Amino acid sequence: MRRTSVSAAALAAVVALILAGCAAPAHEATPSAATPPPTPTPTSSAAAAPTLRVPATCDQLASASVLADGFRTKVVAQKVTPPRSPAAYADERVGALSCRWESPERWPGTTQAAINAWLTVVPGATSAAVEHEKTGGWGPGTPLDNATEGFQFCAREQFQLCGFVARVGGYGISGGVWDYGDATYESQSAALHALVSSSIPSVAGLPSPVALWQPTSATLRGASDCDGLLTPDQISAATGREDAYEVKADGGENALSTLEANGLVGSYYCAFSVGTDQGVRASVLPGGASYALATRPADAVDVAGLGTSAYRTSDEIDVIADSGWVQVSASPGSADGAALIALAKQVLANVSG
């Protein structure tokens, strides 16, 4: 979480709430160095496909009565739909439970909810991921009364955004409340206390998460940094432009997953400037083929010769290969026509095992 902006863990949640030429010749790809759903019945074996691994519901983590008592005004549960990017589905891929609420009250002069609150429970989240939120984000915060790992932050000088992270019983928890209505430090502290005091004991009482699903056949290796997805030299080779450089990587305040869930499943996202800011964007999610199929836009057209299957919409290509999902997109003028296909082939080569 960030003191001066929305946190890494909060970013995807808040963004999802608020949002709801001549072709360059293609080049041969050369690998680079790799660097609320229904509650499941826990079993002793791995699931048959990516699925929820938190045996609870959002109402069990924070009931309507808890929310009514803790928040200054009414909040209503919302459906959580990630942005259509492989890395944005890392939470779902790892089996996290994502909960979200917003108020009927609007920001003054806008149509956006005044209050946005969230809880995300990540099975298998590491102690390091929790610590990174403290040392690289809110920090130092104050210790939690009901968890030995974690902290909370709600400052009088910046009370509109308050949150917490914790790790209990094999699960990481990230939660918070963002209120740009008639909030006060006292109302925000009460709302945060409601989330902390209800969710942490609920998660602590859960059985250990079931094993993370992995494909039984060949799967993508994935990536853990931008060079593992695509290098500036590879972009130049595909586009004929020499001005490519990295501008955004999947982590910190730019994270698309919660508590570094991307690292648990080999997912990553990176954006590069190629004439324009974030001109080329690449993302991968090993084991994410089902999400690529389920979110295919109605106007997509098939693209031959890429992975198991591929489709294109305007300046974006999605590839399904080895049970994984790769996506490459470009701003107009950055990588048109055959260059975009060349980039998709290159990313697929880079992240393949």
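All figures in this text were calculated on a predicted structure; none of them were measured in a lab. Any value given below was found using the heavy atoms of this structure, including those in side chains, with hydrogens, waters and symmetry copies removed.
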Within this structure, what is the [atom1]-[atom2] distance for the pair [X] and [Y], rounded to the nearest 0.5 Å?
X    : Y    : atom1 : atom2 : result
W107 : N116 : CH2   : CG    : 7.5 Å
R281 : C270 : CZ    : SG    : 11.5 Å
R167 : T126 : CZ    : OG1   : 7.0 Å
T120 : L259 : OG1   : CG    : 8.0 Å
D322 : S352 : CG    : OG    : 6.0 Å
E246 : I235 : CD    : CD1   : 9.5 Å

Can any side-chain N or O of [X] pair as donor or acceptor with the backbone N or O of [Y] at less than 3.5 Å?
X    : Y    : result
R312 : V301 : no
R241 : A238 : no
R100 : S98  : no
S198 : A194 : no
S329 : D315 : no
S267 : L285 : no
S257 : N262 : yes
T219 : P286 : no
E149 : A166 : no
S187 : T184 : yes

Non-hydrogen side-chain atoms of [X] and [Y] separated by less than 4.5 Å:
X    : Y    : result
T295 : W325 : yes
V54  : P209 : no
E105 : T73  : yes
W213 : R93  : yes
L229 : N350 : no
C162 : F153 : no
V177 : I115 : yes
V196 : Q152 : yes

Report task. Please report the C-alpha distance between L293 and Y291 in whole Å, then the side-chain angles of each, then the deciding distance to 0.1 Å, and finally whether the side chain to side chain contact (heavy atoms under 4.5 Å, CB included) criterion is met. Result -> CA-CA 5 Å; L293 294 169; Y291 306 121; over 6 Å; no
Verify the cluster assignment for [X] and [Y]: are they in a single hydrophobic cluster under the rule of side-chain heavy atoms below 4.5 Å apart?
X    : Y    : answer
Y180 : W118 : yes
Y311 : V326 : no
I341 : I320 : no
V66  : F164 : no
V303 : L348 : yes

State, to 0.1 Å, how close [X] and [Y] come at their nearest heavy-atom pair, and which atoms those are.
X    : Y    : result
D250 : A87  : OD2-CB, 3.6 Å
P83  : A88  : O-CB, 3.4 Å
L220 : G324 : CD1-CA, 3.8 Å
V284 : G266 : CG1-O, 3.8 Å
Q60  : A56  : OE1-CA, 3.1 Å
S85  : L256 : OG-CD1, 4.2 Å

**Report entry** Centroid separation W101 to F71 less than 6.0 Å
**Finding:** no
Report task. Quick one: do T258 and D91 satisfy side chain to side chain donor-acceptor pair (under 3.5 Å)? Show the steps, please. Result -> CA-CA 7 Å; T258 305; D91 283 358; 2.7 Å; yes
Query raised in the report: For Q188 and C154, what are the C-alpha separation, side-chain angles and deciding distance, and is it a side chain to side chain contact (heavy atoms under 4.5 Å, CB included)?
Result: CA-CA 8 Å; Q188 284 290 81; C154 196; 4.0 Å; yes
Query raised in the report: Passes side chain to side chain contact (heavy atoms under 4.5 Å, CB included), F272 versus L230? Steps please.
Result: CA-CA 9 Å; F272 303 84; L230 199 59; 4.1 Å; yes
Query raised in the report: Taking Y171 as the fixed residue, which of L97, V122, L206 is the one that meets the side-chain contact (heavy atoms from CB on, under 4.5 Å) rule?
Result: L206
Query raised in the report: Of all residues at least two apart in sequence or in a different chain, which pass the salt bridge (Lys or Arg N to Asp or Glu O under 4.0 Å) check with D179?
Result: R72
Is any side-chain N of the basic residue among [X] and [Y] closer than 4.0 Å to the acidic one's carboxylate O?
X    : Y    : answer
D302 : R296 : yes
R84  : E316 : yes
R156 : E186 : yes

Requested in this report: Show your reasoning for whether side chain to side chain contact (heavy atoms under 4.5 Å, CB included) applies to I200 and S202.
Outcome: CA-CA 5 Å; I200 290 180; S202 297; over 6 Å; no
